[in-house]
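A short worksheet on the structure shown next.
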Protein chains: 2
Amino acid sequence: MPKVTEAHRAERREQILLAAARCFARDGFHATSMDTVIAEAGLSAGAVYGYYRGKDELIEAAAGRAVELLGDVLPVVAAAPSPAALVEQLLGLVTEVADRLGFDPTRIAVLAWGESVRNPRVREPVARAYTAIRAHMAEAVRHWQRDGRMAADADPEEVAKVLFGLLPGFIVQRQLIGDVHPDRYAAALRALTGGAGTG
Amino acid sequence: MPKVTEAHRAERREQILLAAARCFARDGFHATSMDTVIAEAGLSAGAVYGYYRGKDELIEAAAGRAVELLGDVLPVVAAAPSPAALVEQLLGLVTEVADRLGFDPTRIAVLAWGESVRNPRVREPVARAYTAIRAHMAEAVRHWQRDGRMAADADPEEVAKVLFGLLPGFIVQRQLIGDVHPDRYAAALRALTGGAGTG
DNA sequence: CACTAAAAAAGGAACGCTCGTTCTTCAACA
DNA sequence: TGTTGAAGAACGAGCGTTCCTTTTTTAGTG
């Protein structure tokens, strides 16, 4: 049986997914044709369809990939000494991964939000990932409350929503206007939260 | 000349635009066909194309409409007594207009962000509207600084970016997860900004 | 070690379908 | 009766997908 190794298969899937992600980040989900993805991957139609069922599956995979990068920062989030420090590290990571990946995951995230309006297969994994992040942020808030750095009567879950919301707020302005910077953003947040934050 | 009145023409354009907006908010830009929009408007293809050049123009018009609603709140923004009060009023307005309009403009806003990735004709007006809002927020920040309610060394433009960013942050969570509420969000922000904010 | 055969993967042309758009025809009103 | 808005069938392009062919790889055999 000339079966190709499983590692090779995974590699091919990755190659196709990254090619698709680059195309999506450049042109959007619906303006990129399968021909474009196929050409970007350097393969043929038959090959691509041997690894993915179709365009929808590719969109879902790309959206999932763009979002699961946030999983890397869960430990950072839980251990942040202050809201501004948390946000600063989060935004810093989000802005730097673009080079490491060859495509900008925040672009795909914005596309995924739009796609989520009508496609549950995109929305659900994204919502799950975001909810997980928020849970870790709520944990951080509880730490701050125990340390007396935040009002004890505040609802940690709700504060976490606001903290998490700073991320899409940053991304939208970065993609649409482009005049935001992680450090400045965090500094402004520090001014807003009282300025006495550590780190 | 049975020329129809100019008011009638404007009314027809509005009828078509609202129909398109409803369809877009329901299914997204690309999953709605012109047939759907035409049926929703209760007109014929020829009629619709007599008022709009094509689907792209309809998308741009819907995106512009969804965004220009923010123009109504410019006075509110400039006069807000505190960050939390500003955000509370902003989010309150954004969540209530859905009923008044027959479609949810925040859904179209999310779609417009995604479309902005590749289409400057959508991005530019949205970016302009958002920049205008931010400018008014910066003005509010300067007021707070003059009143001694905010650190004088903070950059008002940067603080305005964070304040504005709370809006897309709220919208994304509302659309994808759905467990956010304007009042609770503002309350959490109050906890984050020190809790001593007025109203 | 060489050759053969089988099996899987990659190639790529072609299909069918949907969608946006146009254009000719019809109706209404002054 | 002429002019204009509306109707709706028809067209053409572009897309995702499939399917048949070609190439490559591997296992078995003399």
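Proteins come first, then strands; the chains are lettered A, B, ... in the order of their sequence lines, and each starts at number 1.
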remark   = So ring-ring contact (aromatic ring centres under 6.0 Å, His included) across residues 61-81 of chain A, not counting sequence neighbours, yields none
message = Applying ring-ring contact (aromatic ring centres under 6.0 Å, His included) as the test, list every pair that has at least one member in residues 55-96 of chain B; sequence neighbours left out.
response = none
message = Please pick, from C/dA10, D/dA9, C/dA9, the nucleotide with the shortest atom-to-atom distance to any side-chain atom of B/A45.
response = D/dA9
query = For the side chain of B/Y49, counting heavy atoms from C-beta on, which of C/dA13, C/dT22, D/dA6 is nearest?
reply = C/dT22
query = For D/dA6, does either OP1 or OP2 sit under 4.0 Å from a side-chain N or O belonging to B/R12?
reply = yes
Atom [atom1] of [X] to atom [atom2] of [N]: distance rounded to whole Å?
X: A/R9; N: D/dT25; atom1: CZ; atom2: P; answer: 17 Å
X: B/L58; N: C/dT21; atom1: CG; atom2: C1'; answer: 13 Å
X: A/Y51; N: D/dT17; atom1: OH; atom2: C1'; answer: 18 Å
X: A/D56; N: D/dT17; atom1: CG; atom2: C1'; answer: 12 Å
X: B/Y52; N: D/dA6; atom1: OH; atom2: C1'; answer: 17 Å

key: Heavy-atom donor-acceptor pair, B/Q175 side chain to B/V110 backbone, under 3.5 Å   = no
ask   = Under a 4.0 Å heavy-atom cut-off, which of residues 17-44 of chain A touch DNA chain D?
value = A/T32, A/S33, A/M34
message = Quick check: on DNA chain C, is the nucleotide nearest B/G46 upstream (toward 5') of the one nearest B/K55, or the reverse? Name the residue that is more 5'.
response = B/K55
key: By side-chain hydrogen bond (donor to acceptor under 3.5 Å, both in side chains) - contacts of A/R174 (at least two apart)   = none
query = Mind checking what makes side-chain hydrogen bond (donor to acceptor under 3.5 Å, both in side chains) contact with A/E14, not counting sequence neighbours?
reply = A/R65
ask   = Across the strands shown, which category fits A/G54 at heavy-atom distances under 4.0 angstrom: base, sugar-phosphate, nothing?
value = sugar-phosphate
Which side-chain N or O atoms in residues 157-170 of chain B pair as donor and acceptor under 3.5 Å with protein atoms at least two apart or in another chain?
| residue | atom | partner | partner atom | Å |
| --- | --- | --- | --- | --- |
| B/E157 | OE2 | B/R142 | NH2 | 2.9 |
| B/E158 | OE2 | B/K161 | NZ | 2.9 |
| B/K161 | NZ | A/D179 | O | 2.5 |

